[in-house]
Undergrad: 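Would you mind keeping the following structure in view while I ask a few things?
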Protein chains: 2
Amino acid sequence: MTVSKTAEKFSEKPADAAKGRKDAGEPQTEALQLGELSEQLGYVLKRAQLKVFENFLRCMSSLQLTPAQFSVLLLVEKNPGRNQTEIASTLGILRPNFVAMLDNLESRDLCARIRSTNDRRSHILVLTDKGKAVLARAKKLVATKHEARLNDLLGQSNREALLTMLAKIANEF
Amino acid sequence: MTVSKTAEKFSEKPADAAKGRKDAGEPQTEALQLGELSEQLGYVLKRAQLKVFENFLRCMSSLQLTPAQFSVLLLVEKNPGRNQTEIASTLGILRPNFVAMLDNLESRDLCARIRSTNDRRSHILVLTDKGKAVLARAKKLVATKHEARLNDLLGQSNREALLTMLAKIANEF
DNA sequence: TATTGTTATACTCTATAACTATA
DNA sequence: TATAGTTATAGAGTATAACAATA
């Protein structure tokens, strides 16, 4: 099984270097200094992203949806009638890599490929009824478990400010 | 060549779906709606992280340092005399995966493994003179090209607020 | 000739088990 | 017995080239 493995993936936690020490002789077991590293935006950004994805996977474990799969379902729901190239490209997924992803979602009866009548090369993407139901449940889980926890941690206004700045980086950097 | 390839890696840009369309018949070529996706912190976080790493690689192309390699050099400089397990663990790198990374840095004469006299199982890590010089140049490039551009985009105080919130997520989420 | 979906393939990252040499 | 470094390996994620069907 491929998806359940994913949920176990982010196990290696940082800053645990000083744990498994034999404090027999001289207990020189001091935590390392991060120094300038904690000021590097890229470093902190990556760490935060891993934490957020890790929490997302935990919240979604009952539905077995990864962040990437969730984003595909959201985008197909919002843009019915688009083909694989359009959906994949919008998400920054390369067309060849999108095939296996769709195979997975389609095999679970969450979405379907429909040969376009206008252009018989294209596969139009739609959510199945089950796909719509699962996505609805996923949205609720994300809102009540995942995003809610972020609100608790940062506060509503800070969370919005964070989103604004990240979007600015993603779009203009 | 392994490192130069890395600099070419982040080519797939999102939201370009509507480019290669044949606007002959009905130009129904409309950009897709991101919808709720643009409110998902995980999605925006990931996109921003990719952009920041991409820019980092460009700024560092003359030194051929990846974000991960830069973080190792920074941490070894700040914590001389620590062994591989401690450095790797602090960075969230698994010990087996750290071996090839160190092989690379050592083959480029940027750092060195020294067998510890206290515990002959351990390899103490230190920067070579060349490693110190390269790191100094890397810091300057990061400050003047990379972080400076983030300051231009966000403003100094916003950039600090962003860093604070991301650190909070990385440490407490 | 160009584009859509697809296959094959390769490279990087990340993860686990097991070996060796030391302790 | 346990730990540090290492090897081997496997799985995701991401990248490119090329093919068949269709335009």
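A quick note: this is a predicted structure, and the numbers were derived from the prediction, not measured. In what follows, every heavy atom counts, from backbone to side chain, and hydrogens, waters and symmetry copies are set aside.
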Undergrad: Rounded to the nearest Å, what distance is computed from the CD1 atom of residue B:Ile124 to the C1' atom of nucleotide D:dA4?
TA: 11 Å
Undergrad: Any side-chain donor-acceptor pair under 3.5 Å between B:Gln156 and B:Asn151?
TA: yes
Undergrad: Rounded to whole angstroms, how far apart are CZ on B:Phe98 and P on D:dA4?
TA: 14 Å
Undergrad: From CG of A:Asp119 over to P of C:dA2, roughly how many Å is that when rounded to an integer?
TA: 16 Å
Undergrad: Quick one: does any side-chain atom of B:Thr128 pair with a main-chain N or O of B:Leu110 as donor and acceptor, under 3.5 Å?
TA: yes
Undergrad: Measuring to OP1 and OP2 of D:dG5, would you say a side-chain N or O of B:Thr85 lies under 4.0 angstrom away?
TA: yes
Undergrad: Looking at the side chain of A:Leu94, which of C:dA23, C:dT4, D:dT16 is the nearest nucleotide?
TA: D:dT16
Undergrad: Does the distance from a Lys or Arg side-chain N to an Asp or Glu carboxylate O, for A:Arg159 and A:Glu147, drop under 4.0 Å?
TA: yes
Undergrad: Here's a test of your reading of the structure: between A:Arg115 and A:Lys46, which maps to the more 5' nucleotide of DNA chain C?
TA: A:Arg115
Undergrad: Whole angstrom is fine here: how far is it from CG in B:Leu91 over to P in C:dC13?
TA: 14 Å
Undergrad: In whole Å, what is the span from the CZ atom of B:Phe53 to the P atom of D:dG13?
TA: 17 Å
Undergrad: Sort me out a list of protein N/O and nucleotides 6-9 of chain C N/O pairs below 3.5 Å, or just none if empty.
TA:
from  : atom 1 : to       : atom 2 : distance (Å)
C:dT6 : OP1    : A:Arg113 : NH1    : 3.3
C:dT6 : OP2    : A:Gln84  : OE1    : 3.1
C:dT6 : OP2    : A:Gln84  : NE2    : 2.9
C:dT6 : OP2    : A:Arg113 : NH1    : 2.7

Undergrad: Tell me the interatomic distance from A:Asn118, atom CG, to D:dT22, atom C1', rounded to whole angstroms.
TA: 13 Å
Undergrad: Between B:Arg120 and C:dT22, is there a contact of a side-chain N or O with OP1 or OP2 at under 4.0 Å?
TA: yes
Undergrad: I'd like to know if A:Glu36 pairs up with B:Lys139 as an ion pair, taking the criterion as any Lys NZ or Arg NE/NH1/NH2 lying under 4.0 Å from an Asp or Glu carboxylate oxygen.
TA: yes
Undergrad: Tell me whether the rings of B:Phe70 and B:Phe56 are parallel (<30°), tilted (30 to 60°) or perpendicular (>60°).
TA: tilted
Undergrad: Identify whether B:Ile114 and B:Phe98 are in the same connected component of the hydrophobic contact network (ILVMFWY, side-chain heavy atoms under 4.5 Å).
TA: no
Undergrad: Would you kindly give the CE-to-C1' distance between A:Met101 and D:dG13, to the nearest whole Å?
TA: 11 Å
Undergrad: Can you name the salt bridge (Lys or Arg N to Asp or Glu O under 4.0 Å) partners of A:Glu106, sequence neighbours left out?
TA: A:Arg113
Undergrad: What's the CD1-C1' distance between B:Ile93 and C:dT12, to the nearest Å?
TA: 14 Å
